[in-house]
Amino acid sequence: MHMSFFFCTFARCLCFYIYMDSKYNPTDIEARWYQYWLDKGLFHSEPDGREPYTIVIPPPNVTGVLHMGHVLNETIQDILVRRARLEGKNACWVPGTDHASIATEAKVIKRLKEQGINKSDLTREQFLKHAWDWTDEHGGIILKQLRKLGCSCDWDRTSFTMDETRSKAVIKVFCDLYNKGLIYRGLRMVNWDPERQTALSDEEVIYHDEHNKFYYLRYEVAEEPGKYAIVATTRPETIFGDIAVCINPKEEKNQWLKGKHVIVPGVGRVIPIIEDRYVEIGFGTGCLKVTPAHDVNDYMLGQKYNLKTIDIFTPDAHLNMDIIEPELQANVRKYHGMDRFDCRKAIIEDLKALNLVEKIEDYDNKVGYSERTNVPIEPRLSLQWFVKMQHFADIALPPVMNDDIVFYPAKYKNTYRNWLENIKDWCISRQLWWGHRIPAWYDAELLAETGLENYPDDKILVCEGDPNEQIGKCENEKITKWVQDEGALDTWFSSWLWPISLFDGIEHPDNKEINYYYPTADLVTGPDIIFFWVARMIMAGYEYQGKMPFKHVYFTGIVRDKLGRKMSKSLGNSPDPLDLIERFGADGVRMGILLSAPAGNDILYDDALCEQGRNFCNKIWNCFRMVKGLEIADITQPETSKYAIEWFEAKLGETSEEIADLFSKYRLSEALMEIYKLYCDEFSGWYLEMIKPAYQQPIDRATYEATLAFFERLLVLLHPFMPFITEELWQNLYERKEGESIMVANQTNDTQSRENRNGADTEAIRKQHALILDFTAYLKQVITEVRAIRASKNIPQKERLTLISPVELNGIVEKLANVTVSPLSGETPDGRGNCAKFIVGTDEFAIPMDQFINVEEELKKLEADLAHQQGFLRGVMAKLSNERFVQNAKPEIVALEQKKKSDAEARIASIEEAIRALNTK
RNA sequence: GGGCGUUUAGCUCAGCUGGUUUAGAGCAUCUGCCCUACAAGCAGAGGGUCUGCGGUUCGAAUCCGUAAACGCCCACCA
């Protein structure tokens with residue numbers, strides 16, 4: 001293979017193609033052409049006069065590695081980009097990575113721990129140094145992996161959500177939204193991740209069904225010792241924070257509790273019974289313990305009734321008893337420092353001992369988990385920054401609902417609308433260091449006085465840059481030092497600007513690049529981030545560019561294994577894409593992942609699909625060997641070849657149109673399947689067989705040239721899907737100049753021929769094409785029937801047969817079926833002894849043969865066919881004899897049925913005649 | 001608790017506004033072939049009544065209703 005490659009490329013010595021290996025070996029070829037594309041700058045885009053086609057990559061985590069989901073996603077993007085490039089558009093695919101604040105910070109902490117360093121021992125600056133080291137070390141591995149897959153990203157534009165331009169954009173947008181009153185600071189109940197010790201947005205919480213316990217606890221009534229209110233809870237460890245017990249004022253069975261007080265079991269705090277209709281009548285015992293610091297609803301009640309909050313957890317969800325009233329310390333001290341789940345067990349055991357547990361029931365409920373760390377979320381009251389979302393929902397909903405932005409598949413419009421119509425404010429602050437630091441500053445002196453929570457909002461300074469540098473420059477400024485907010489921003493607060501910030505459109509909103517590349521054409525992503533990312537990009541797009549960020553959104557499915565299970569590390573069912581590329585070639589893997597991936601459907605991945613991709617490469621490879629192995633001579637062109645060329649021209653045109661149509665609907669796997677069939681069936685199976693010279697005979701020049709031209713068009717058609725093998729063969733099909741590439745070989749053949757046929761011409765050519773396509777389909781049927789007869793009678797292909805035909809056929813049949821066609825002349829074929837018969841359309845063909853014809857078997861077949869045709873005719877007749885059908889159906893439908901009828905009758909007559917003939921034997 | 005989607009050959013899926021020779025493709029299966037481009041291949045074949053039920057219609061895989069199964073999204077019942 002190495003040798004042949006060498007000669008193909010450099011010596012261009014035709015005869016060596018014959019010695020090409022019959023198996024395609026992708027490894028060297030892929031590496032070589034990717035480097036070539038890079039060297040020639042073929043991925044790079046600059047604004048020019050052409051129509052732009054832009055895709056921004058959904059930035060993978062900077063320290064992530066390639067998995068099957070990426071393979072699917074990036075393959076689709078590459079196909080779209082390469083197709084656009086071939087159509088002559090100025091295609092620009094911008095790559096980049098995401099700093100993924102939580103995930104990356106977790107990885108850095110883990111590594112530090114392995115080195116014996118705790119995050120808490122470091123300053124922010126020290127930690128960030130480690131984080132950047134880690135990023136430099138592991139960052140961008142995934143981008144290198146994308147090259148193996150063949151992705152044609154403009155690497156010169158590689159960006160990072162935390163590089164300078166992107167960071168500036170984030171800070172500027174924060175300040176702008178703050179000044180517009182769309183960002184505020186507030187003490188709210190948020191989703192708290194005790195592992196990472198940070199707030200999360202609602203979208204980062206994943207709910208799992210769980211089998212839990214429902215604990216019925218006995219709260220002694222203070223006014224009536226010995227009597228108890230029974231409170232049911234799933235979280236007994238929160239009773240230290242109980243501040244009231246709430247009943248519904250209309251609940252009959254709890255009327256007696258009204259106005260009384262109860263004693264929190266094991267804790268000893270005396271708390272009031274309050275009344276609110278929030279408590280559902282009939283659920284549990286009707287008594288709800290109110291713990292405003294640890295439950296969203298309880299917090300609501302707490303606010304309504306002005307109850308105090310007792311936060312009994314440390315940020316890492318251990319019990320903090322220091323906050324409990326001194327007089328109760330003796331009761332609760334032993335729980336101090338316990339983990340929340342350990343405490344749950346302990347408190348129940350202790351309450352059991354005190355006979356304060358009424359009963360414990362099994363209970364199924366939903367528990368929220370942190371998306372990133374997978375630990376149960378703790379609702380926690382804390383001071384955070386929020387974006388007011390109603391405004392954004394208002395600007396982002398209409399363009400999707402009226403299809404200015406088109407979703408594929410459209411069903412996600414519902415999901416999108418549902419979210420936007422129930423939008424809640426977005427918690428954007430994180431208690432992390434790795435990320436964009438919130439540009440909010442506090443007067444150090446005042447802060448020391450008030451503390452963060454009570455720091456007045458109107459004394460907060462939100463600005464780009466460090467305000468301390470301005471100190472002293474203003475006359476009447478009393479502030480001596482500004483202290484920056486400790487928090488970082490949610491990663492998605494930078495991601496939502498991606499399509500704009502990649503072109504520096506936030507800092508310089510009217511620059512040449514943003515004006516050219518924005519809005520982008522297509523966004524390809526998974527439906528799991530429709531809220532996180534897609535919706536918010538639409539919001540930011542309209543807010544900062546006044547325009548949609550993309551015109552189409554292609555939602556991919558989730559990649560699963562062939563049993564339908566999600567791919568996961570723990571199941572070990574996720575193949576390593578690089579390993580697959582090693583085994584099947586990048587082109588094979590691309591085909592494999594795409595074949596079963598209609599938009600929005602989950603894809604059930606199976607190695608067998610990549611195998612099919614590899615086999616396809618091999619097929620193309622061998623077509624090429626065959627064509628280039630032909631010896632050319634100045635001989636006259638056979639009629640069969642002329643016909644074959646005419647037919648394949650029509651076929652190629654037809655399929656190209658179908659493929660264009662499928663592309664316009666983003667039905668990429670179907671488009672690939674069309675090309676696959678075009679290669680394997682039509683080109684290899686039929687066309688090449690039609691034009692193939694007899695053994696060791698040369699081919700005429702005209703046919704050879706036409707075949708090369710077809711091959712080239714086929715390669716261009718396939719190139720977006722399988723870039724490597726198509727480049728390799730395209731380069732070797734003709735002499736190419738240095739720097740040329742299939743990547744930019746505009747589909748001149750197609751477009752030219754299409755442009756040439758305009759008006760009436762086009763119509764005429766269409767008709768002509770339809771004719772030859774129909775007739776060839778007919779010829780193929782005849783050939784297939786002959787082959788079937790050979791197969792069933794064990795007649796070798798080499799043995800020439802005679803075919804008695806009632807219609808005029810052409811040399812194609814003689815060549816491919818290896819028959820001599822003889823016209824049906826007066827004499828019935830039956831008169832010639834044994835005949836095998838078949839029917840195509842309404843025409844009856846016969847092959848005389850010496851072999852014994854099994855009359856019974858033939859009869860059986862014919863009779864089965866007869867029954868089928870008669871059944872069919874009955875169905876047609878039933879329609880035609882139905883007056884209402886004839887009256888109501890469209891005339892062309894009735895005419896069609898009539899044609900069906902006459903055709904069926906003709907066929908039945910032919911079959912009956914054949915049966916009669918056999919019976920008379 | 002709401003909302004959405006799916007259910008067509010062994011598997012994965014097409015089948016657009018009901019009528020196109022009584023349902024198509026790829027893979028898998030079966031049979032026969034190493035015929036000098038390709039056994040990672042070639043030739044041929046078998047296989048579904050379109051989840052069930054009811055309705056609309058001259059006509060339903062296709063429209064409507066209903067049941068079931070599966071899947072997804074959203075929601076503060078402790």
Practice task
Check whether any side-chain N or O of Tyr676(A) sits under 4.0 Å from OP1 or OP2 of C27(B), and answer yes or no.
Solution key: yes
Donor-acceptor pair present, [X] side chain and [N] base, under 3.5 Å:
| X | N | result |
| --- | --- | --- |
| Glu689(A) | A37(B) | yes |
| Lys879(A) | C58(B) | no |
| Arg874(A) | U22(B) | no |
| Arg614(A) | A40(B) | yes |

Handout entry: Base-paired stems that RNA chain B participates in, counting runs of 3 or more Watson-Crick or G-U pairs under 3.5 Å
Key = B:1-7 with B:68-74, B:10-13 with B:24-27, B:29-33 with B:41-45, B:51-55 with B:63-67
Can you identify which nucleotide, out of [options], has its nearest atom closest to the [X] side chain?
| X | options | answer |
| --- | --- | --- |
| Leu604(A) | C73(B), U12(B), C42(B) | U12(B) |
| Arg884(A) | C38(B), C58(B), U12(B) | C58(B) |
| Tyr278(A) | A75(B), A40(B), A78(B) | A78(B) |
| Glu670(A) | A14(B), A78(B), C4(B) | A14(B) |
| Lys677(A) | A78(B), G26(B), A37(B) | G26(B) |
| Asn622(A) | C76(B), C77(B), C38(B) | C38(B) |
| Arg667(A) | G15(B), U20(B), A37(B) | G15(B) |
| Phe872(A) | U21(B), G44(B), A40(B) | U21(B) |

Mind calculating the distance between [atom1] ([X]) and [atom2] ([N]) to the nearest angstrom?
| X | N | atom1 | atom2 | result |
| --- | --- | --- | --- | --- |
| Asn794(A) | A45(B) | CG | C1' | 14 Å |
| Glu897(A) | U22(B) | CD | P | 12 Å |
| Arg560(A) | C70(B) | CZ | C1' | 11 Å |
| Tyr704(A) | A37(B) | OH | P | 15 Å |

Handout entry: Sugar-phosphate, base or nothing in reach of Ala889(A), heavy atoms under 4.0 Å
Key =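 It contacts base atoms.
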Handout entry: Nearest heavy atoms of Leu880(A) and Val886(A), plus distance in Å
Key =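 Closest heavy-atom pair between Leu880(A) and Val886(A): O-CG2, 3.3 Å.
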